[in-house]
Every structure is written in structure tokens, then in C-alpha cells.
Peer 1: 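Next up is a structure, given as C-alpha cells.
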2 protein chains.
Amino acid sequence: MKTIGKLAKELNINVETVRFYERKGLIVQPLKPDSGYRMYDNTYANQLKFILKAKALGFTLDEVASLMSMSGNCADVESMGLQKLMLIREKIADLQRLEQVIQDMTNSCKANQDPNSCPIINSLS
Amino acid sequence: MKTIGKLAKELNINVETVRFYERKGLIVQPLKPDSGYRMYDNTYANQLKFILKAKALGFTLDEVASLMSMSGNCADVESMGLQKLMLIREKIADLQRLEQVIQDMTNSCKANQDPNSCPIINSLS
DNA sequence: TTAAACTCCGTATATAGGTACGGAGTCAAT
DNA sequence: ATTGACTCCGTACCTATATACGGAGTTTAA
């Protein structure tokens, strides 16, 4: 059993973040003995690690809450994963289009002879 | 010369957005005759189109302000474009790694026989 | 035993890029 | 002349994800 400070330090996150996740309903408020201090056991650490990993995969906190409430129903979880996958692929495609446009622009800058007329500015104007 | 409402409609943006860009310093407040109404000429429409195009390319409003203040100095503009290009490429690489991870996860869901144990949840736990 | 460190709670602040509101004044069409 | 649409301004609100603050109570270590 550890206080919120120890827990946060162990997970390398902020104390306020733990309380924030509690307010968001991602974790439940743990028992608070006489002192009024929250006391956490390892199941809390594991839940928080789950949250952090899912977040790192690009799931929003609301989505993390959903994942946690699915209690392992594989079809539901897979469906959410596939949905996220589609979004990721769309984002990649968008960024690749953007990459092409900006690369073309900067290339025409390189080819440009007149330093006071910029092809990028011109193509935006 | 048109009022803010006509201008906004022409550009398919919100009146409040025009005022917001003014507050941000992206455009200057135009002359206001007796009525107190802002009156815009075409140079404003062109400036706003510039802003909208640059925004669509992923430049932040602060960056757009910089671009506009460079007054066509091509080297500076090119440098900002290259910087943006690097960021875009990093984002693409990040997303592609993510894509791989989530795809592997959902694939192992498909291969999973037990509907009450989910490989995704397990790998997050 | 006392001082430092920690925790409590509610609320405010931050980012980016807007959107919404409300009361008062103005313009345009009938 | 009136009514509806438009504009003014300042300010509050929105999303998402936290972080910061302040005053009061608690624990811990020297």
C-alpha cells in the first residue's frame, strides 16, 4: 500500500494526473484510512499502466474507459482496434499528401533565383 | 467594400473567426466609417484566403503570422517549409509504427479462439 | 518536538482554435 | 416608419488532457 505520491513517482506521472483520472472515472477512489490519504495497492498500479499504454497507442481517455469496461470481450476490443487503425491510416494518407505538397513547394524555392519573390508565398496568395 | 458578414460568407467562415484572427493580429482591423461597421476590400479577402490555405497545409496560426511577416523572403519561407516537412515526416513515422502495433494486435484477436480472453487487453495489462 | 514533506479539496490556468451569448446600436427593405 | 437582419463589444464557453495554486490538515524524520 502506497500513497498517491509514491504511486505517481513509480509510474513517472503527476499526482494531479492520478486524481484527474479518478475524477474522469478511469480508476475508482481507493480506500482512505483515518488520515484521509488515498492508499493504493498494486492493482491500481496495473490499471494505471494499462491506461498509460493504451494512451501511448493513441486511444483517448474516453476510449481507454471503454476498453477497460469491455472486460476482455475480444470482439468488441478488436472492433475498437480496427476503428483506430482506420483513423490512423487516414491520418497517414493525409500527412503524405501534405508532405508532397510542401516538398514541391520547398523544391521550387530551391530552384528560385529571385530571393525577394517566394514560390511558396506566391502559391498561397 | 463589404461588411464582415458578406466577407465571411464569401470565404465560408464564421464572422467570429474573422474577429478572432483580428484579435490574434493576423489581419488588421479595417477602417470603420460612421456606422462603426468594419468595411473590407479585396486585399482582406486575399489575406484571409492565404491564412486559410496555409492553415490547411498544417501551419499553426502563429506560423501563418510568421509567414505573412516574412514579406516574401524566400530563404526564410523555405526554411519554415522544411521544418514543417520534417515534423510531418516524424508524425508519419510515428503513426506507421502505431499502425503496425495495432494491426498485430487486431490480427491476434482474429486468431484468438477464446472470446472471453482478449490478446489486446492482455498485451496492455 | 518541530520542521519539512506530503496530502486533502476545489478551483483556476494552460494550449489551440475557435464558437456562443447578450444587449445595444445600425442598416435595408417594405 | 417599422421590422428583421446585421454588427458592435466584451466575455464566457468549448474540447482534451492535464498542471498549478492555496490554505488546511497529516505524516515522517532528525
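We name chains A, B, ... by the order of the sequence lines, and we start the count at 1 in each one.
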Peer 1: Could you give the CZ-to-P distance, from A/F20 to C/dT13, as a whole number of Å?
Peer 2: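 Rounded to whole Å, this separation is 18 Å.
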Peer 1: Respond yes when some side-chain nitrogen or oxygen of A/R19 is under 4.0 Å from OP1 or OP2 of C/dC9, and no when none is.
Peer 2: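 Answer is yes, contact under 4.0 Å.
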Peer 1: Reckon B/S35 has a side-chain N or O less than 4.0 Å from the OP1 or OP2 of C/dG25?
Peer 2: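 Answer is no, no contact under 4.0 Å.
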Peer 1: In whole angstroms, how far is the C1' atom of D/dA16 from the CD atom of A/E63?
Peer 2: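 Distance check: A/E63 CD to D/dA16 C1' gives 12 Å.
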Peer 1: Check this for me: does any side-chain nitrogen of one of B/D94 and B/K91 sit under 4.0 Å from a carboxylate oxygen of the other?
Peer 2: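 Looking at B/K91 together with B/D94, the answer is no, because their closest N to O distance does not fall below 4.0 Å.
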Peer 1: Expressed as a whole number of angstroms, how long is the span from A/L31:CG to C/dT7:C1'?
Peer 2: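 Rounding to the nearest Å, CG of A/L31 and C1' of C/dT7 are 17 Å apart.
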Peer 1: Identify which nucleotide among D/dC9, D/dA18, C/dG18 has an atom closest to any side-chain atom of B/R38, counting heavy atoms from C-beta outward.
Peer 2: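 Of the candidates, D/dC9 comes closest.
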Peer 1: As an exercise, state the distance from CD1 of B/I27 to CD1 of B/I51, rounded to the nearest 0.5 Å.
Peer 2: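 The CD1 atom of B/I51 is 6.0 Å from CD1 of B/I27, to the nearest 0.5 Å.
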Peer 1: How close or far is atom C1' of D/dG10 from atom CD of B/Q29, stated in whole angstroms?
Peer 2: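 Checked: the CD to C1' distance equals 14 Å.
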Peer 1: Between A/E16 and A/Y37, just flag the one whose closest nucleotide in DNA chain C comes earlier from the 5' side.
Peer 2: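 The 5'-side residue here is A/Y37.
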Peer 1: Counting side-chain heavy atoms from CB outward, which of C/dT19, D/dT7, D/dT19 is closest to A/T17?
Peer 2: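 Selected nucleotide (nearest to the side chain): D/dT19.
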Peer 1: Can you tell me if the side-chain N/O atoms of A/Y21 get under 4.0 Å from OP1 or OP2 in D/dA18?
Peer 2: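 For D/dA18, OP1/OP2 do have a side-chain N/O of A/Y21 under 4.0 Å.
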Peer 1: Using atom types as modelled and distance alone, determine if a side-chain donor or acceptor of A/Y44 lies under 3.5 Å from a backbone N or O of A/V28.
Peer 2: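 Side chain of A/Y44 to backbone of A/V28: a pair is present.
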Peer 1: Got a sec: does the CG of B/L87 have more than 12 other heavy atoms crowding it under 6.0 Å?
Peer 2: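 Yes - once you tally the heavy atoms of other residues, nucleotides and ligands closer than 6.0 Å, there are more than 12.
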Peer 1: Quick one: is B/K32 getting a side-chain N or O under 4.0 Å of the D/dC9 phosphate, OP1 or OP2?
Peer 2: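 Indeed, a polar side-chain atom of B/K32 lies that close.
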Peer 1: Expressed in angstrom and rounded to an integer, what is the separation of A/D34 atom CG from C/dT7 atom P?
Peer 2: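 Taking CG of A/D34 and P of C/dT7, I get 17 Å after rounding.
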Peer 1: Nearest of C/dG17, D/dT19, D/dT7 to any side-chain atom of A/N14?
Peer 2: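 Side chain of A/N14 sits closest to D/dT19.
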Peer 1: Hey, is the side chain of A/K55 poking within less than 4.0 Å of OP1 or OP2 on D/dA16, counting only N and O atoms?
Peer 2: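 For A/K55, the contact criterion (side-chain N or O under 4.0 Å from OP1 or OP2 of D/dA16) is not met.
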Peer 1: Rounded to the Å, how far apart are B/L11 CG and C/dG18 P?
Peer 2: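 After rounding, the reported distance stands at 13 Å.
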Peer 1: If each of B/R23 and B/I4 is mapped to the nucleotide of DNA chain D with the nearest heavy atom, which maps nearer the 5' terminus, i.e. the 5' end?
Peer 2: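 Nearest nucleotide further toward 5': that of B/I4.
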Peer 1: C/dT7, OP1 or OP2 - any side-chain N/O from A/T3 closer than 4.0 Å?
Peer 2: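 Affirmative; the distance criterion is met.
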Peer 1: Within the side chain of B/K84, is there an N or O that forms a donor-acceptor pair under 3.5 Å with the backbone of B/F59?
Peer 2: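 Looks like no, no N/O pair under 3.5 Å.
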Peer 1: Send over the distance from A/D62 CG to D/dA16 P, rounded to a whole Å.
Peer 2: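 It works out to 6 Å between those atoms.
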Peer 1: Quickly work out the B/K6 NZ to D/dC6 P distance and round it to whole Å.
Peer 2: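 Atom NZ in B/K6 sits about 8 Å away from atom P in D/dC6.
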